[in-house]
K.L.:
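My structure is below; once you've seen it, I'll send some questions.
Throughout, protein chains are lettered first and strands after them, A, B, ... in sequence-line order, and every chain is numbered starting at 1. Note that the coordinates shown come from a computational prediction; the quantities given were computed from them, not determined experimentally.
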2 protein chains.
Amino acid sequence: MRELRRPGAFHCGLDAAMDVVGGKWKVSILWALGERVHRFGELRRALPGVTEKVLAAQLRELVEDVIVHREVLDEVPPRVEYSLTPRGAALNAALAPLGAWGSEHVLGRAPEPAASGT
Amino acid sequence: MRELRRPGAFHCGLDAAMDVVGGKWKVSILWALGERVHRFGELRRALPGVTEKVLAAQLRELVEDVIVHREVLDEVPPRVEYSLTPRGAALNAALAPLGAWGSEHVLGRAPEPAASGT
DNA sequence: CGGCATCCCCAAGGATACTG
DNA sequence: CAGTATCCTTGGGGATGCCG
């Protein structure tokens with residue numbers, strides 16, 4: 001999926017965005033990172049059901065797309081932190097209305113204040 | 001995918017929305033219907049590459065989700081018109097920011113005026 | 001701890017043919 | 001015209017195991 005980046009081949013930016021956000025766990029990752037920086041293990045715990053392989057893959061794609069920043073801390077116990085890039089933060093913001101829509105029309109109310117505080 | 005509607009099982013409305021909009025052609029259909037009412041054939045022509053089976057399937061799911069309205073005109077040559085429901089229109093609107101993001105960050109500029117009123 | 005390598009599976013999506 | 005039915009392919013995603 002990473003290779004089918006054909007600039008201009010999309011109907012509009014929407015298709016392009018869907019391509020970036022299309023992964024099964026992408027939005028959840030974005031949502032998690034929108035709250036705070038996470039390290040691999042934390043992310044894994046934050047996403048019940050995801051396997052390391054898949055999480056690593058989704059993360060890699062997001063990093064490739066410059067949505068997520070990968071910070072490797074050179075410590076004795078390996079420590080890697082993932083955070084949103086400015087672009088990722090913008091994506092998250094752009095996703096907010098969609099989340100609100102889902103809350104209202106699918107879940108039936110409960111428009112959460114997005115990934116702000118809590 | 002239509003059956004895995006587990007109310008409350010989503011992290012937030014975002015997951016729910018992604019579930020609704022997750023199909024490969026869903027957003028394109030929404031985009032098309034956002035501009036004007038389309039009949040089956042028109043939609044097919046508007047979505048280069050889609051097959052009848054898939055288009056019909058995606059359409060059926062969108063109808064199930066009350067995103068799209070299916071109007072069967074009882075005429076001699078079968079005529080069916082698809083249009084957005086209020087909910088679908090709202091979804092389309094919620095999708096706009098995402099489309100804008102994609103235009104800016106993925107396609108590299110060219111923020112189209114979206115499928116709003118035009 | 002973090003993350004690659006391998007193998008496997010299944011459902012979404014595609015191609016084709018046929019019908020009301 | 002507007003689908004439905006059938007069969008097939010693909011690859012995203014899941015499970016396991018090993019390595020730095």
K.L.:
Start with the C-alpha distance between Y82(A) and R39(A), add both sets of side-chain angles, then the distance that settles side chain to side chain donor-acceptor pair (under 3.5 Å), and finish with yes or no.
P.N.:
CA-CA 6 Å; Y82(A) 292 91; R39(A) 38 191 305 192; over 6 Å; no

K.L.:
Nearest-Å distance, NZ (K24(B)) to P (dG12(D))?
P.N.:
11 Å

K.L.:
When you measure from the side chain of E71(B) to the backbone N and O of E81(B), does any donor-acceptor pair fall under 3.5 Å?
P.N.:
no

K.L.:
Would E42(B) and R44(B) pass as an ion pair if we require N to O under 4.0 Å?
P.N.:
no

K.L.:
Please tell me which of P77(B) and A57(B) maps to the more 5' nucleotide of DNA chain D, matching each residue to the nucleotide holding its nearest heavy atom.
P.N.:
P77(B)

K.L.:
Under 4.0 Å from OP1 or OP2 of dA12(C): is there any side-chain N or O of K53(B) that close?
P.N.:
no

K.L.:
Does V68(B) reach the side chain of T85(B), with side-chain heavy atoms less than 4.5 Å apart?
P.N.:
no

K.L.:
Find the distance E75(B):CD to dC1(D):C1' and express it as a whole number of Å.
P.N.:
11 Å

K.L.:
Regarding V54(B), tell me which of base, sugar-phosphate or nothing describes its non-hydrogen contacts under 4.0 Å with the strands shown.
P.N.:
base

K.L.:
To the nearest Å, give me how far apart CD (E61(B)) and P (dG3(D)) are.
P.N.:
15 Å

K.L.:
In whole angstroms, how far is the P atom of dC1(D) from the CZ atom of R39(B)?
P.N.:
7 Å

K.L.:
So which nucleotide from dC1(C), dG3(D), dG20(C) ends up closest to the side chain of E52(B)?
P.N.:
dG3(D)

K.L.:
According to a strict under-4.0 Å criterion, is R60(B) in side-chain N/O contact with OP1 or OP2 of dG3(D)?
P.N.:
no

K.L.:
Provide, to the nearest angstrom, the distance between the CZ atom belonging to R45(A) and the P atom belonging to dG2(C).
P.N.:
8 Å

K.L.:
Please state whether the phosphate of dC1(D), meaning OP1 or OP2, lies under 4.0 angstrom from any side-chain nitrogen or oxygen of Y82(B).
P.N.:
no

K.L.:
When you check the gap from the basic side-chain N to the acidic O, do K26(A) and E61(A) get nearer than 4.0 Å?
P.N.:
yes

K.L.:
What is the distance, rounded to the nearest whole Å, between atom CD of E81(B) and atom P of dC1(D)?
P.N.:
15 Å

K.L.:
With a 4.0 Å limit, can you tell me whether R44(B) has a side-chain N or O closer than that to the phosphate oxygens OP1/OP2 of dA2(D)?
P.N.:
no

K.L.:
Let me know the distance between CZ of F40(A) and P of dC1(C), rounded to the nearest Å.
P.N.:
12 Å

K.L.:
From CG of D19(A) over to C1' of dG13(C), roughly how many Å is that when rounded to an integer?
P.N.:
16 Å

K.L.:
Indicate whether OP1 or OP2 belonging to dG2(C) is found under 4.0 Å from a side-chain N or O atom of R70(A).
P.N.:
no

K.L.:
Would you say Q58(B) places a side-chain N or O within less than 4.0 Å of OP1 or OP2 belonging to dG13(C)?
P.N.:
yes

